[in-house]
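For reference, the structure discussed in these notes is given below.
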Amino acid sequence: MTRSPAGSLRASDIGTTVTVSGWVQRRRDHGGIAFIDVRDASGVIQVVADPAEHESVADLKMEYCISVTGVIRARPEGTENPDLPTGGVEIGVGEIAVLSPADTLPFMIDDRVDIDERARLRYRYLDLRRPRMGANLRARSRATAAIRRTLDEQGFLEVETPTLVNSTPEGARDMLVPSRLRKGEFYALPQSPQLFKQLLMVAGVERYFQIARCYRDEDFRADRQLEFTQLDLEGSFWDRDDVLETIEGVLVAVTKELRGIDVTRPFPRLTWQESMDRFGTDKPDLRFGSEIVDLSELFGESGFGVFSDTLAAGGTIRGINVGQQDWPRSRADSLTERAKELGAKGLVWMVVEDDGSLRSPVAKFLVDAELAGIRDGLDAKPGDVLLMAADRWKLAVEVLGTLRNDLLRPSAHEDLAFLWVIDFPLFEEQEDGTITFSHHPFTSPVSLDEMRDNPTRAISKAYDAVLNGVELGSGSVRIHDPDVQRQVFDILGIDPETADRRFGWFLEALRYGTPPHAGFAFGIDRLVMVLQGETSIREVIPFPKTQSGVDPMTAAPTWVDETQLEELGIDLTEEAMSRRELPDED
RNA sequence: GGGGGCGUAGAACAGCCUGGAGUGUUCGCCGGCCUGUCAAGCCGGAGGUCGCGGGUUCAAAUCCCGUCGCUCCCGCCA
């Protein structure tokens, strides 16, 4: 007899004999009657047995893998379960077979319990049996299917690029793989297929995409793992808007697939400058207001030294109204600490009293006109909490932008707010005065003259996609002229010899009739995370690593045999060897 | 590299501030009862190196120091 998916059974199946195979989710044994919830990948069905007839029912434990054959029947009136898609019917047992028993579980297969993450990862195969995790796995599969469907319809070619590539020390730290055939040399795992996809444009592919695993050896966050998956995409003869339209189409299709809703297009666009000014970040969360306001002009002549000195030094004074907040002293203190952690010298806070006056430790330093200006500028109403930062522009807006998120950002992702951030700076000036790229060194400037004359103010043809304050990914129009590419390397302080050694092969390729091209890459983990309402990408990655880069199940990374190291020509340092002697402790 | 939170039975927690016998709750597990439950219910039982190491003390889950692990954040992440 063929097997029926448990979750598919409905009233229309009443009277038919079916076989369902799956796992015992729950057993409710009433003595004279026993209910067994059988779960498979499709859902759950209730099985009803008389323990007197089916003695083996008493032996069924949670997560036993079983097979049940019986007749579908309507549940007696009043016992239907409206919470279950199959809740109108049940299987009256004919036969039960245990396919595979299960040991007592290390934790319950239940969405309602938060289990220690180490235990979940140690038994990830059990963790993935939880409905929520199963739903996340399926969502991810449907997301990639929707991506392929959308791009295939537009004539894109899916091309696989190598995952053993040369190391590029710029940007993130590379994951390295030693070469056996060439002792002492290393491959790197790709941080992105960037240069290969540009070569595919040189190769005449015109429309390329790949669902590519990428690797960056940097510290973890809730939205960062060593390895992650990107939709990587590139098109020839494209300008920015061709990319934005294509990516929007993909994001809309995936959202439709996972959420069943039609996102309004086109997505809003903010310039980087506007995004920083209004939200203090290049990945603003547009689900809520409380924008940052420039209050500098109120304080040009201020008697409050912190403000007037900041302005005299070329800084700025920005404010934000974070609305109604519980505001005990401890909250103010911890927020001030947070602002300092972010680099601010301090944080000014004010609470609007019922009579409209402002209660604040600094109120006594401000004159009435200044206080009134703050109230007006921040549209203050009684009970509102106002925050102000006085600092150089970027720091001031970033601090307020972070506090805005800390205080107001919804924890779940029920609403969706997509947007584009465009017109990023081409370069960034670092604290030591050197110039680095802000996107990557293959990004086209808007103006060559501006790039040469005033590099730190030059605008690039780079853009980011943002969803609910999460940076999904970024892209740019690329440089297709080898001379321009050399100029960019020059500005970045990469001398011609170094440029040739590292990128000569690429610069050479650009000389053979390279089409203008542009592209994008977005993180599939992050997109699925938000659409599934999760706040960590580990929930949508089947087998993630812990924050220290360990897989508690397989114990990777592990020590390898001396002979393996010898073959690779690798000696461990004393420091590494001493770690080897330490016992692993929890 | 730095800061915060957490670590107590198989799981989730309370207990810690203010030291006094491993005390408690829910779930799971074992045994028993139970014919319409769906996180079934009722009765009984087992189960503990309070992460690890050191210190203070007559006495440490509790206070102090160190360390390991998990996690969030800063740095970092083109």
Side-chain angles (χ1 to χ4, degrees), chain A residues 25-38 44-52 58 61-63 75-84 86-87 90 103-123 126-127 168-174 191-192 194-195 214-226 228 334 337-343 398-399 402 405-406 424 426-428 431 436-443 460 462 464 471 474-476 488 492 521 523 535-536 538 545-548 550 552 579 582-586:
Chain A
Q25 180 156 292
R26 287 278 177 180
R27 184 175 58 110
R28 295 177 295 279
D29 190 343
H30 290 229
I33 187 169
F35 304 93
I36 301 138
D37 293 339
V38 178
V44 177
I45 183 74
Q46 173 166 282
V47 170
V48 186
D50 180 347
K61 309 282 167 56
M62 278 199 287
E63 297 304 316
R75 292 195 184 193
E77 203 175 334
T79 67
E80 301 89 350
N81 184 350
D83 297 330
L84 220 54
T86 62
E90 61 191 19
D103 287 352
T104 299
L105 302 167
F107 51 79
M108 295 258 282
I109 310 298
D110 193 325
D111 282 339
R112 287 162 298 208
V113 186
D114 275 329
I115 299 132
D116 178 65
E117 201 145 335
R118 190 182 159 81
R120 289 178 60 194
L121 295 183
R122 169 76 181 79
Y123 300 96
L126 297 178
D127 192 42
T168 52
E170 296 80 12
R173 200 175 286 118
D174 281 325
Q191 298 186 26
S192 90
Q194 182 61 33
L195 294 182
C214 302
Y215 304 83
R216 290 174 196 174
D217 190 5
E218 296 293 345
D219 286 355
F220 288 61
R221 285 286 190 286
D223 61 354
R224 281 166 24 192
Q225 284 266 309
L226 291 181
F228 56 99
S334 70
E337 274 309 303
R338 173 75 165 153
K340 285 180 177 169
E341 179 186 65
L342 297 166
E398 282 180 342
V399 166
T402 301
N405 277 338
D406 287 354
F424 273 75
L426 185 59
F427 301 116
E428 280 171 24
E431 284 185 15
T436 185
F437 41 82
S438 64
H439 178 48
H440 61 50
F442 314 103
T443 304
S460 75
D464 274 10
E471 181 191 330
S474 54
S476 60
V488 168
L492 291 170
T535 51
S536 163
R538 294 188 301 274
K545 309 231 177 340
T546 69
Q547 203 167 47
S548 54
V550 168
R579 270 198 68 244
L582 295 174
D584 282 332
E585 286 183 70
D586 290 358

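Throughout, a chain's letter reflects where its sequence line sits, starting with A, and its residues are numbered from 1.
With hydrogens and angles ignored, no donor-acceptor pair closer than 3.5 Å exists between the side chain of Arg118(A) and the base of G51(B). For Glu90(A) against G36(B), a side-chain-to-base donor-acceptor contact under 3.5 Å is present. Side-chain atoms of Arg112(A) stay outside donor-acceptor range of the base of C27(B), with no qualifying N/O pair under 3.5 Å. Side-chain N/O atoms of Arg216(A) and base N/O atoms of C77(B) include no donor-acceptor pair closer than 3.5 Å.
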Inset, instruction - Could you please spell out the steps behind the salt bridge (charged side-chain N to carboxylate O under 4.0 Å, His left out) verdict for Glu117(A) and Arg538(A)? - result: CA-CA 10 Å; Glu117(A) 201 145 335; Arg538(A) 294 188 301 274; 2.3 Å; yes
Look for any protein N or O under 3.5 Å of an N or O in nucleotides 29-32 of chain B and output each such pair with its distance, or none.
residue : atom : partner  : partner atom : Å
C30(B)  : OP1  : Lys61(A) : NZ           : 3.2

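Among the protein residues, Pro76(A) comes within range of the nucleic acid bases, having at least one heavy atom under 4.0 Å from a base atom. Among the atoms of the strands shown, base atoms are found under 4.0 Å from some heavy atom of Thr79(A). At the heavy-atom level, Ser548(A) lies under 4.0 Å from the strands shown only through sugar-phosphate atoms. Using a 4.0 Å heavy-atom cutoff across all strands shown, Asp29(A) reaches at least one base atom of the nucleic acid. Contacts of Arg26(A) with the nucleic acid, taken as non-hydrogen atoms under 4.0 Å apart, involve only primed sugar atoms and P, OP1 or OP2. Using a 4.0 Å heavy-atom criterion, one finds that Arg173(A) contacts no nucleic acid atom at all. Using a 4.0 Å heavy-atom cutoff across all strands shown, Gln191(A) reaches sugar-phosphate atoms only and no base atom. Backbone-only contact: Asp116(A) has heavy atoms under 4.0 Å from sugar-phosphate atoms and none from a base. Looking at heavy-atom distances under 4.0 Å, Gln225(A) makes no contact with the nucleic acid at all. Nucleic acid contact class of Glu428(A) (heavy atoms, under 4.0 Å, all strands): none. Within the nucleic acid shown, Gly31(A) comes within 4.0 Å of at least one base atom, counting heavy atoms only. Within 4.0 Å of Ser438(A), counting heavy atoms only, lie sugar-phosphate atoms of the nucleic acid but no base atom.
Every residue two or more places apart in sequence or in another chain that forms a side chain to side chain contact (heavy atoms under 4.5 Å, CB included) with Ser476(A) is listed here: His439(A), His440(A), Thr443(A), Ala462(A), Arg478(A). Take Gln547(A) and apply the side chain to side chain donor-acceptor pair (under 3.5 Å) test, not counting sequence neighbours, and it matches no residue. For Lys61(A), the side chain to side chain contact (heavy atoms under 4.5 Å, CB included) criterion is met by Tyr64(A), not counting sequence neighbours. When the side chain to side chain donor-acceptor pair (under 3.5 Å) test is applied to Glu398(A), no partner is found at least two apart in sequence or on another chain. Asp127(A) meets the side chain to side chain donor-acceptor pair (under 3.5 Å) test with Arg120(A), Arg124(A), Arg130(A); sequence neighbours excluded.
Here the P atom of nucleotide U37(B) and the CG atom of Asp50(A) are 17 Å apart, to the nearest Å. We find that CG of Leu342(A) is positioned 19 Å from P of G2(B), with the value rounded to whole Å. Note: CE (Met108(A)) to P (G28(B)) measures 5 Å, nearest angstrom. At whole-Å resolution of the value, NZ in Lys545(A) and P in C77(B) are 22 Å apart. Asp83(A) places its CG atom 13 Å from the P atom of A40(B), with the value rounded to the nearest Å. With rounding to whole Å, Ile36(A) atom CD1 is found 16 Å from U35(B) atom P. For Asp406(A) and C72(B), the CG to C1' distance is 11 Å, given to the nearest whole Å.
Between C72(B), C38(B), C76(B), one nucleotide has an atom nearer to the side chain of Gln547(A) than all others, and that is C72(B). For Arg338(A), taking side-chain heavy atoms from C-beta onward, the closest of the listed nucleotides U37(B), C74(B), G36(B) is C74(B). Side chain of Arg75(A), nearest nucleotide from U37(B), U71(B), C73(B): U37(B). Of the candidate nucleotides C70(B), C76(B), C77(B), C77(B) has the atom nearest to the side chain of Ala172(A). Of the candidates A12(B), U71(B), C38(B), U71(B) carries the atom nearest the Thr546(A) side chain, counting heavy atoms from C-beta on.
In this structure, G48(B) makes no Watson-Crick or G-U wobble pair, since no nucleotide meets both defining distances under 3.5 angstrom. Pair assignment for A40(B): none, as no Watson-Crick or G-U wobble contacts are both less than 3.5 Å.
Remark: ring of His30(A) stacked against base of A40(B); centroid gap under 5.5 Å, plane tilt under 30°.
Electrostatic pairing of Arg224(A) and Asp219(A) does not count as a salt bridge here, judged by no charged N lying under 4.0 Å from a carboxylate O.
Distance CE/Met108(A) to CD/Gln25(A): 10.0 Å, rounded to 0.5 Å.
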